[in-house]
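To start, the structure under review is shown below, and the notes come after it.
All residue numbers refer to positions in the sequence shown, counting from 1.
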Amino acid sequence: MADLKEIRGTRVEKLDTNPTTPGYNNQLFYNTTSNNYKVNRAGTAADGTWTSGGAFPVSTVERQAGAGTQTAAVSVAGYNPATPGAFNGVYEYNGTSWSTNPNSYPTSVYGLWGSGTQTAGLFVGGSPPITGAANKFDGTTFTSTGSLNTARYYLASAGTQTATIAFGGYTPAALSNTESFDGSTWTEVNDLNTARHSLSGTGISTAALAIGGNPGFANNELWNGTSWTEIAELNTPRQIGGASGTSTYGITYAGETGPGVPQAKTEFYNGSSWTEVADLSIARYAVGSLGGSAPGNSTVTWTGSGGSGTSTEEWNAPDIITTTITAS
């Protein structure tokens with residue numbers, strides 16, 4: 001603080017020339033009434049926490065697909081162990097509570113993945129039977145669009161309704177296949193380095209993360225729009241987890257570390273390495289996930305296996321952290 005001059009009755013502000021993303025420039029204020037310096041810095045996922053959200057309408061549903069944001073999300077299809085079997089229910093979350101969409105998904109499937117938003121979503125793959133079908137969602141109804149070249153389930157995807165990549169999956173054999181979607185058709189592009197299923201994905205169609213999966217629970221890869229590159233491994237290897245954010249500010253959470261062994265850990269990726277951050281309150285796997293639809297500092301996950309029941313949890317990492325320093 002040696003470079004600051006005390007100016008009574010005037011705010012003193014210092015701007016950082018290299019702010020952290022997401023967040024704001026660091027700012028330093030002098031408070032003349034209490035002799036406190038207040039330092040604002042950009043928040044990161046390390047400052048995030050999980051809190052309880054509204055209960056999901058169906059208990060212990062799992063392996064469903066999601067799209068949207070924490071305050072405007074949609075959950076599509078999945079598996080209901082109580083039935084047991086795949087179902088085609090569609091539910092929407094407004095940041096407080098879930099409601100039932102009167103229109104069902106075209107087929108009863110699980111193990112599909114979603115991308116896009118609540119009013120412009122894309123959902124692809126699933127089983128049974130194993131399918132490559134893709135359906136667009138406008139917030140009310142579903143419309144069939146071009147199918148994957150390779151039918152699969154337990155895949156992942158990243159992007160928007162009109163620009164998506166789908167990767168990995170099960171046939172029933174682990175796949176490395178990656179396909180690119182232009183809004184109407186799918187095209188085979190360069191494969192993952194490691195074939196796997198039950199992975200999670202986040203990001204956009206030109207910068208995506210493939211996270212975990214089976215085999216290679218700790219394995220992660222980065223897509224640059226052309227090819228995949230191996231990146232740092234997870235601290236806690238897992239499959240059937242969730243993810244949100246970008247390729248330089250992404251989180252992964254929940255998952256299964258062994259058959260029927262749920263995980264509560266959350267990890268943050270900063271573009272080079274993974275860091276353990278706050279845990280979920282309930283360990284779970286096969287969770288609802290928004291993928292790259294939601295930012296890494298504000299997302300939601302719901303239900304899954306491992307005792308989560310109807311539980312929904314919301315993740316928030318603040319943009320700004322304020323620290324008060326008392327002047328001597």
Side-chain angles (χ1 to χ4, degrees), residues 49-126 133-145 157 160-161 200 202 241-245 251 253-254 280-282 284-316:
T49 57
W50 291 99
T51 57
S52 295
F56 195 74
V58 182
S59 179
T60 324
V61 65
E62 58 188 54
R63 307 173 205 176
Q64 62 275 62
T69 65
Q70 187 185 92
T71 57
V74 59
S75 174
V76 169
Y79 183 85
N80 188 350
T83 310
F87 78 114
N88 60 358
V90 178
Y91 306 92
E92 295 175 305
Y93 190 64
N94 62 7
T96 302
S97 60
W98 290 93
S99 60
T100 303
N101 187 295
N103 294 296
S104 300
Y105 195 64
T107 55
S108 294
V109 291
Y110 62 86
L112 67 171
W113 198 269
S115 56
T117 68
Q118 185 188 47
T119 56
L122 180 72
F123 301 91
V124 61
N135 291 280
K136 293 179 177 178
F137 182 61
D138 63 7
T140 304
T141 58
F142 292 90
T143 303
S144 177
T145 187
S157 67
T160 67
Q161 189 183 73
S200 56
T202 192
S244 284
I251 63 167
Y253 47 86
L280 288 155
S281 64
I282 300 176
R284 60 183 84 194
Y285 61 92
V287 297
S289 172
L290 297 182
S293 304
N297 64 342
S298 176
T299 191
V300 63
T301 188
W302 58 100
T303 66
S305 291
S308 52
T310 62
S311 169
T312 295
E313 295 192 46
E314 299 176 1
W315 168 260
N316 289 289

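With 3.5 Å as the limit, one finds a donor-acceptor pair spanning the side chains of N135 and Y105. Side-chain contact of Y93 with E314: a donor-acceptor pair under 3.5 Å is present, judged by distance alone. Donor-acceptor pairing under 3.5 Å is lacking for the side chains of W315 and S298.
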For residues 106-116, which side-chain N or O atoms pair as donor and acceptor with protein atoms under 3.5 Å away, sequence neighbours left out?
| from | atom 1 | to | atom 2 | distance (Å) |
| --- | --- | --- | --- | --- |
| W113 | NE1 | S157 | O | 3.2 |
| S115 | OG | T164 | OG1 | 3.3 |

Per-pair distances, 0.1 Å, donor-acceptor, side chain in residues 117-125, under 3.5 Å, sequence neighbours excluded:
| from | atom 1 | to | atom 2 | distance (Å) |
| --- | --- | --- | --- | --- |
| T117 | OG1 | T119 | N | 3.4 |
| T117 | OG1 | A120 | N | 2.9 |
| Q118 | NE2 | A73 | O | 3.0 |

Atom pairs and distances, donor-acceptor, side-chain atoms in residues 49-61, under 3.5 Å, two or more places apart:
| from | atom 1 | to | atom 2 | distance (Å) |
| --- | --- | --- | --- | --- |
| W50 | NE1 | T266 | OG1 | 2.9 |

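Here OG of S289 is found 15.5 Å from CZ of R63. Values are rounded to the nearest 0.5 Å. Expressed to the nearest 0.5 Å, how far NZ of K136 lies from OG1 of T141 amounts to 12.0 Å. Between the CD1 atom in I251 and the CG atom in N297 there is a gap of 8.5 Å [rounded to 0.5 Å]. Atom CD of residue Q70 and atom OG1 of residue T301 lie 11.5 Å apart, to the nearest 0.5 angstrom. Annotation: the span from S75 atom OG to N101 atom CG amounts to 11.0 Å, rounded to 0.5 Å. For the atom pair CG (N80) and CG (N88), the distance works out to 11.5 Å, reported to the nearest 0.5 Å.
Between Y79 and P84, the shortest heavy-atom distance links the atoms OH-CB, 3.5 Å. Closest of all the heavy-atom pairs between T299 and S244 is OG1-OG, 2.8 Å. Closest approach of Y253 to L280, counting heavy atoms only: CB-CD1, 4.4 Å. The shortest non-hydrogen separation linking A254 to V287 is CB-CG1, 3.8 Å. Closest heavy-atom contact between I282 and S308: CG2-CA, 3.8 Å. Of all non-hydrogen atoms in V76 and Q64, the two that sit nearest each other are O-CB, 3.4 Å.
A 4.5 Å side-chain heavy-atom check between F137 and N103 finds every atom pair outside the cut-off.
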**Report entry** CA sep, side-chain torsions, deciding dist, call: T143, D138, side-chain contact (heavy atoms from CB on, under 4.5 Å)
**Finding:** CA-CA 8 Å; T143 303; D138 63 7; 5.8 Å; no

Report task. Give the intermediate values and the outcome of side-chain contact (heavy atoms from CB on, under 4.5 Å) for residues T312 and W98. Result -> CA-CA 10 Å; T312 295; W98 290 93; 3.0 Å; yes

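The main-chain N or O of A72 is never found under 3.5 Å from a side-chain atom of N94 such that the two would form a donor-acceptor pair. In terms of modelled atom types and a separation under 3.5 Å, the side chain of S293 and the main chain of A67 share no donor-acceptor contact.
Judged as a salt bridge (charged side-chain N to carboxylate O under 4.0 Å, His left out), the pairs with a partner in residues 284-308 (not counting sequence neighbours) are, in order, R284-E313. Evaluation of the salt bridge (charged side-chain N to carboxylate O under 4.0 Å, His left out) test over residues 64-86, restricted to residues two or more places apart or in two chains, returns none.
Annotation: side-chain hydrogen bond (donor to acceptor under 3.5 Å, both in side chains) contacts of S305 (sequence neighbours excluded): E62.
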